[in-house]
Structures are given as C-alpha cells and as structure tokens.
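Everything below concerns the one structure shown next.
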Amino acid sequence: MDLRPACCSSTLLLLVVALLLPFCANAASNVYIVYMGEKKHDDPAMVTASHHDMLASILGSKDEALKSIVYSYMHGFSGFAAKLTDPQAEELKKHPGVVSVKPNTYHTVHITRSWDFLGLGYNQPSGILSKANYGEDVIIGIVDSGIWPESRSFDDSGYGPVPKRWKGVCQAGEAFNATSCNRKIIGARWYTKDVVLANLSSSEYMSPRDANGHGTHTASTAAGVARGGAPRARVAVYKACWTNAQGVASCSNAGVLAAMDDAVGDGVDVLSLSLGGMFESPGSLHLVARGVTVVFSAGNSGPVPGTVEHASPWVISVAAGTVDRSFPTEISLGNGEKLVGQSLYHDDVPAVNSNDFHSLVYAASCDEKALAAVNVTGKVALCFLPLEAAASPPGTAVNHALVGLFKAKAKGMIFAQYSNNRLDTVQTFCEGDLVCVLLDYHLAYRILVGYVVEASSPVVKISPAKSVVGDWVLSPRVADFSGRGPSVAFPAILKPDIAAPGVGILAAKGDSYQFMSGTSMACPHVCTDQIALVTDRFGMPIQAEGAPRKVADPFDFGGGHINPERAVDPGLVYDINPKEFTKFFNCTLSRDDDCLQDIGKLYLLNLPSIAVPDLKDSVTVWRTVTNVGQVKATYQAKIEAPTGVTMSVDPSVITFKKGGRQTKTFKVTFKARQRVQGGYTFGSLTWLDGYTHSVRIPAAVRTVIQEFFADTS
Ligand SMILES: *[C@@H]1O[C@H](CO)[C@@H](O)[C@H](O)[C@H]1NC(C)=O
Ligand SMILES: *[C@@H]1O[C@H](CO)[C@@H](O)[C@H](O)[C@H]1NC(C)=O
Ligand SMILES: *[C@@H]1O[C@H](CO)[C@@H](O)[C@H](O)[C@H]1NC(C)=O
Ligand SMILES: *[C@@H]1O[C@H](CO)[C@@H](O)[C@H](O)[C@H]1NC(C)=O
C-alpha cells in the first residue's frame, strides 16, 4: 500500500504543487522511533521478526519493512527506528502494542573543553577508590564520538581478564580491528544506519575510532589510567555521535537508543552520556530498571535558571565543579603597576613576545561596532563595558570579542569580567597569534581610569600564565556554564542531582556499584552529605560562578559537590525501586492533563531531595530511609527550613534495632508562612546519629498562592 499523497505526482501543475508543498514535504520519509513498552525478549531473532511483521502490516510487504527498519531495540525495551512518511507514522500510532511514535531528533555532544579544563589535576587516588579496588571490573559504557584506542589512558597492562559477565563485542571497521580492544577497552560498537554519510567530516572513521576527540576524553576522564575517576574500570565504547564537515559531533536519538539498548544486553554497570538535549527517552528508564546507573552531564547552558538538562528522576544529572587550580597571569603596565588576571598563555604565541611591551587601546565592548571605531591591529585591546562583563551566559561576549580581535590581527585581549571564569572559552579561541587574559572587573576599571585615559601612549606587557594548584584556590565551585535548576520539564524533581569535577562522579559510582551489586535495588541514589559537600575544606559555603557569583544553592549543585572520599559509609540511603518511576513514565511520552497532575506529585518519589514547586497552604511528602550503617542506630532530624516556610519532620527520631535491611518512613510537612506569591527558597533535612553519620538532603520550595505562575522565579 502506497500512502504517499497523490500531490507528489510530477504531472500536477506547478501551482498546485506549490500550494500543497507543506503536505508534500510530509511525504518524504524520516526516521521515527517506535516505542512498544517494556517487554522481555529472550530470542533476539524473534523480536526482530516481530518488528518486521508489524511494519509489514503498515507498509504492505516484508520487503518494504526490511528496507524501512533502521534499528531494532530489544534488550532494554521493545521498539524500533524506521524510515516512515508522516502518514505511515500516524498509522503506526494506532497499532495495538505501539505506545508512542516520535520523530528522530539530534543532540550535540557537550563541549569537551570544559571537561578538559575540569579534568586537570584530578589524579590523586582517593580513599574510596583504593577501597573499591580503583573501580576494577566496573564496566563503564560511554555513548559518545568513539575512542582513540592507542591513547596511553587505555593501556591494559596489569589488568586481569575481561569480566565473565561481559557479553559485548569489539566491532571492527576503518582503522579499528580486534586488537584495538584490550582488557581496558573491552568492547566497541558503532551506529551509522541513520547517519547521512555524505555530511560527515572527511576525517571521520567508519569504525569506533574517534575523529573528534570528545569521546576519547570523556572515556579517559571516566575510566582512564592517568587521571580518571575510576582508573581500574573497564570501558565499553558506543559510537553514536558523528562529526560533520563543520567539526561538530551530533548524535541521533535513534542511534543513542540503539547504543543504550546494546549496553544493557552487553552488561555495562554505569552508562555515561555527555550529550545535550532533553533526553526524555524511554531508553534510560529501562536501563535503570535493569540495574544500570545512568549518568548525564547537566548541560552547558548555565548560569541562567532552568537550563539543567536530563531532568528525568531516574537519571543522575551532574553539574560541573571546578578544581583547585588557577592560572594567574601577570599584566605589567607602562607606569610600573602590575595586576593579575587569568589566561592559558604559554609563551608559545610566536607573534607576541612576552618580554615586550605592546600598545594598549581601550576598545569598549570589543564587539563588531566597537572594533570598527578603533585600530587594534598589532595592539592589545582592553575590553571593558559593564554589560559585557556581566553578560549571561558570560561566554558570548568574550567569543564575539575574540572573533573580532582575531580578524583585526590584534596581539592581545584583556577582557573585563565579573568573577565568572571563562578560561574554557579562551582556550578554545586563543590559539595562534592572540593572547587572551580575563581580568576582574574592578582591576580592568583601574587600568582604564588610572592608566589608559591618563597616559599619552599606554603600553602593556603580558607574562605567561603560571599554574597554581592547591589550598589558596577557591574550590570547588560550580562552573558558570553548568546547567542550573529548577527543572523546566519536572519542577517537582530537584535537579541537578550533584556536582562533580568533570565526570569524576563515576569514581563515586564505583562505590554505588558495590552497593548495587550487594542488593537487588537498581538505583542507588546515595546522595547524603557523606558524599555531597556544601562547604569547602575550610568550612566556607561552596560558591557558584555567574554574574554575580553567589553561594551555591540546590539549583546549582543539587545535594552538593561530591566527596568521593567519604561515600563508603553513608549510614542511611534513600533507596527507590525503579517500578516507582514507571508510574510517571507515561508523562514523558504524552503530556495530557492527567499527566500534569502526576508530574505535580513527583515530589512523592523517594529521592534524596525534595522540590515543591507549588506550595499553597501545606504540602506533605513521605520519604523512606534504609539503614546501611551499624545495626543499632538512632538518628535525630535536624531541620533547616526554607525562608518563609515552616518545615517539620514526623517522627523526628528514628531508631534501628535489628540486622538486615531496615527501613523507616517519615513525613516532611511544609507550610507557607505568608500567603504571598513567592520565589524558590532552600532548606535541608539532615539525619544525625551523633557519631559519624550526617545524612543531608536539600529542599527547594516555592510558594504559589495564585493559580498563575507569573512573578515567581
Ligand atoms: C589491525 O591488525 C593488525 C594485525 O592483524 C595490526 O598490524 C594492525 O596494526 C591492527 N590495527 C589497526 C588499527 O588496523
Ligand atoms: C546534509 O547536508 C545537506 C547539504 O549541505 C543539508 O541540506 C542537509 O540538511 C544535511 N543533513 C543533515 C542530516 O545534516
Ligand atoms: C592600524 O594600525 C596599524 C599598525 O599600527 C597600521 O599598520 C594600519 O595602517 C592601521 N590601520 C588603519 C585603518 O588605520
Ligand atoms: C502507561 O501507558 C501504557 C500504554 O499506553 C498503559 O498500558 C499503562 O497503563 C499506562 N500506565 C499508567 C501508570 O498510566
């Protein structure tokens, strides 16, 4: 049966075609993802055959079905991706057994530079890792742009045999064969079936080999020998992201789902995805239901509120934290004054001699218009304008300035910014002949008012950056680009979950892995202050970058910044059976009114955080904790109520007496103190056993008196 509308016939008048063009455009086939729910399949051949039969019933023949199908999903859930016209997709929706039919979408990888910068210095073996045998035999799946297997990070010397439960493969291809896998990289697969090959970069490989660099970096950070979070973990590579001619790696949802599905079948323990987009795909829930911890990066669109990505309650969204490393760069002025900014200038910029003074010109915002008004060629430009210094996201103005200065062949840029370090941006653009320094706003003001406007021919000398690691560097901080809460998709789920340096979260997941395998529970949200710090090593509150920089709150870092050293003995955990999630899962497939009501009650999920986005008079939520510490223990509740809200816990003392897995349920009630439309305020609930355990979860509450949500934040 041919469902193409007749208007596509070439015999029709041009005018008619033009009028009906939108309809005709629909006749082109696109990749759709057909989701058929959670089904157990024992025989893959049977599944594929059943998918083909279903498609054949719509497309008219088995041949057509075989031509149309792109991927068959069978391990994590049942479904397939197929090339369909819109009418065919509509037809499939009506088929019994089909839960949803959605167009394929594309996602870009989260920029690697940031992780690169964050990954620096994260190489000391920590306590938890030694106890967890450096994560040996934890299998970390990485869905990304592939891997460069010869990188030293993936040397397998000293590794034992591949864990017996591993069922994956090493899929060969261009410049990648069976010997490219080893006891470190234990598996590799690649997904091109829905990729437009003609659009790929000429340097791309038709194999798991990484032409882009992002995947290799993510993998080495997560599990690399040199500085990874779980250096003894095994790596399984799923290349679903492909680099186009512009150098951008993007990943189709259909391919990522195929990778997730294979990851379940192969036996990975933790799946890490540093991909952008609102991934409310069925894949991740089914993975979690099968005991795989799914970790997403929280996105790079901060510090604007509501930018956190991957807000499904069953995945862990990780905010980016900075490490205790700084790159001070000395700026000497012609009048002898010296100031310190930050740069990644390594004295290897041939056009700029760091022993020489260069002309310094004030170029206002350094945007296109400003640069047209001054001659910056061969000079160092001082970019100073309050609006640009405060731009949010702050990187944008820096980028514009860099591009303009580069074109104008300037020697350098001194960019005034509030204290929201954008060195990652500078690193990306300041290669070649341009030295780029970021300078605190008040220092830039001093250069301008105290020197540039006074001197007849101002000059400046920029010394190479020093690298400083250690105590006096304010850290950790939440990076300014890190995606921030509240979650727009699910406001009653507090996101992000936690902050970590790069993907160091996986180090801690090494311990979670222990916990997972020790119990039948699949989703170990072990977010307590045993692993999440809200203060730095001096007891000062952790800060969040942005303009202005501020004390971090749960929308910046969830439960706090991870402290892998202390995750071994949390005392209490907030455990959840993945079945709880499925109640809310349908809302991610179709959003009708019933669903919105369900979403409102998401705060009843037993997560180690509480978000109440619509407090009118009073809201009560329940939580259950499981004792994983010593058998006999008594915990007392300590409450920090959000401003404007009373918060109570009942019972406020819980006692565990017997062995085995003991649980206690308690309720937490929030009451609005004023009947005033409000913004979010933050608090916490901490269970203390009076000895070593202090188990803290964050709470975010918004008072909404009127039905409308305007005037709240
Ligand atoms: C593939 O295998 C051969 C040996 O069979 C080896 O010489 C070659 O370097 C391997 N690696 C790649 C990337 O082709
Ligand atoms: C591939 O490239 C063509 C031509 O540049 C463009 O029209 C098309 O949208 C691209 N397709 C994808 C999937 O990026
Ligand atoms: C800008 O300055 C450079 C170097 O001083 C000079 O060579 C160039 O001619 C100037 N350009 C204009 C448009 O004045
Ligand atoms: C979710 O949707 C499926 C299929 O549409 C339905 O069978 C199931 O009952 C729904 N679950 C809930 C909890 O509403």
Side-chain angles (χ1 to χ4, degrees), residues 142 144-157 159 162 168-192 200-217 219-220 224-225 234-239 241-243 333-334 349-383 401-414 432-436 451-453 455-462:
I142 314 273
D144 217 298
S145 63
I147 200 153
W148 196 266
E150 293 80 13
S151 160
R152 257 191 333 120
S153 293
F154 310 117
D155 181 354
D156 71 349
S157 319
Y159 280 75
V162 171
V169 298
C170 187
Q171 193 184 351
E174 186 184 351
F176 200 99
N177 60 25
T179 62
S180 302
C181 293
N182 57 18
R183 281 165 299 172
K184 175 77 187 172
I185 303 172
I186 62 173
R189 294 179 186 266
W190 46 295
Y191 305 86
T192 43
L200 294 186
S201 153
S202 56
S203 64
E204 189 52 279
Y205 298 91
M206 288 298 109
S207 77
R209 186 170 289 276
D210 181 14
N212 180 280
H214 188 269
T216 302
H217 180 77
S220 67
V225 174
R234 315 299 181 119
V235 174
V237 177
Y238 299 88
K239 179 170 172 181
C241 303
W242 297 87
T243 306
L333 305 178
V349 181
V352 186
N353 189 337
S354 60
N355 295 318
D356 288 350
F357 278 94
H358 301 281
S359 292
L360 176 64
V361 286
Y362 168 61
S365 68
C366 286
D367 66 6
E368 209 179 331
K369 207 168 134 204
L371 291 180
V374 283
N375 185 352
V376 294
T377 308
K379 298 172 184 157
V380 174
L382 175 64
C383 308
L402 281 169
V403 171
L405 290 170
F406 191 77
K407 270 200 221 145
K409 297 198 166 54
K411 280 216 190 302
M413 171 187 83
I414 297 176
D433 297 336
L434 195 62
V435 172
C436 314
Y451 179 56
V452 174
V453 298
S456 52
S457 48
V459 289
V460 66
K461 184 172 82 174
I462 300 170

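Each ligand, and each atom within it, is numbered from 1 in the order the structure gives. Keep in mind the model is a prediction, meaning the values are calculated, not measured.
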Working for side chain to side chain contact (heavy atoms under 4.5 Å, CB included), residues Val169 and Arg189: CA-CA 7 Å; Val169 298; Arg189 294 179 186 266; 3.6 Å; yes
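- Contact atoms of ligand 1 toward Ala175: 13 (C) (distance under 4.0 Å to a heavy atom of the residue).
- With hydrogens left out, the protein atom closest to atom 1 (C) of ligand 3 is Asn375 ND2, 1.5 Å, a heavy atom.
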Chi angles and distances behind the side chain to side chain contact (heavy atoms under 4.5 Å, CB included) call for Met206, Trp242: CA-CA 10 Å; Met206 288 298 109; Trp242 297 87; 3.8 Å; yes
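- At least one protein heavy atom sits closer than 4.0 Å to atom 14 (O) of ligand 1.
- Atom 7 (O) of ligand 3 is not flagged as protein-proximal [any protein heavy atom, distance under 4.0 Å].
- Close contacts between ligand 1 and Asn177 involve ligand atoms 1 (C), 2 (O), 3 (C), 8 (C), 10 (C), 11 (N), 12 (C), 14 (O) [criterion: under 4.0 Å to a heavy atom].
- There is a protein heavy atom less than 4.0 angstrom from atom 11 (N) of ligand 1.
- Between Cys366 and Val376 there is no side-chain heavy-atom pair separated by less than 4.5 Å.
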Val459 vs Tyr451, side chain to side chain contact (heavy atoms under 4.5 Å, CB included): CA-CA, chis, key distance, verdict: CA-CA 10 Å; Val459 289; Tyr451 179 56; 3.8 Å; yes
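- Here the protein heavy atom with the shortest distance to atom 4 (C) of ligand 3 is Thr377 O, 4.0 Å.
- For Arg209, every heavy-atom contact with ligand 1 shorter than 4.0 Å involves the side chain, none the backbone.
- Put simply, the side chain of Val435 does not reach to within 4.5 Å of the side chain of Lys411, judged on heavy atoms.
- Atom CD of Glu368 sits in a sparse spot, with 12 or fewer heavy atoms from other residues, nucleotides or ligands closer than 6.0 Å.
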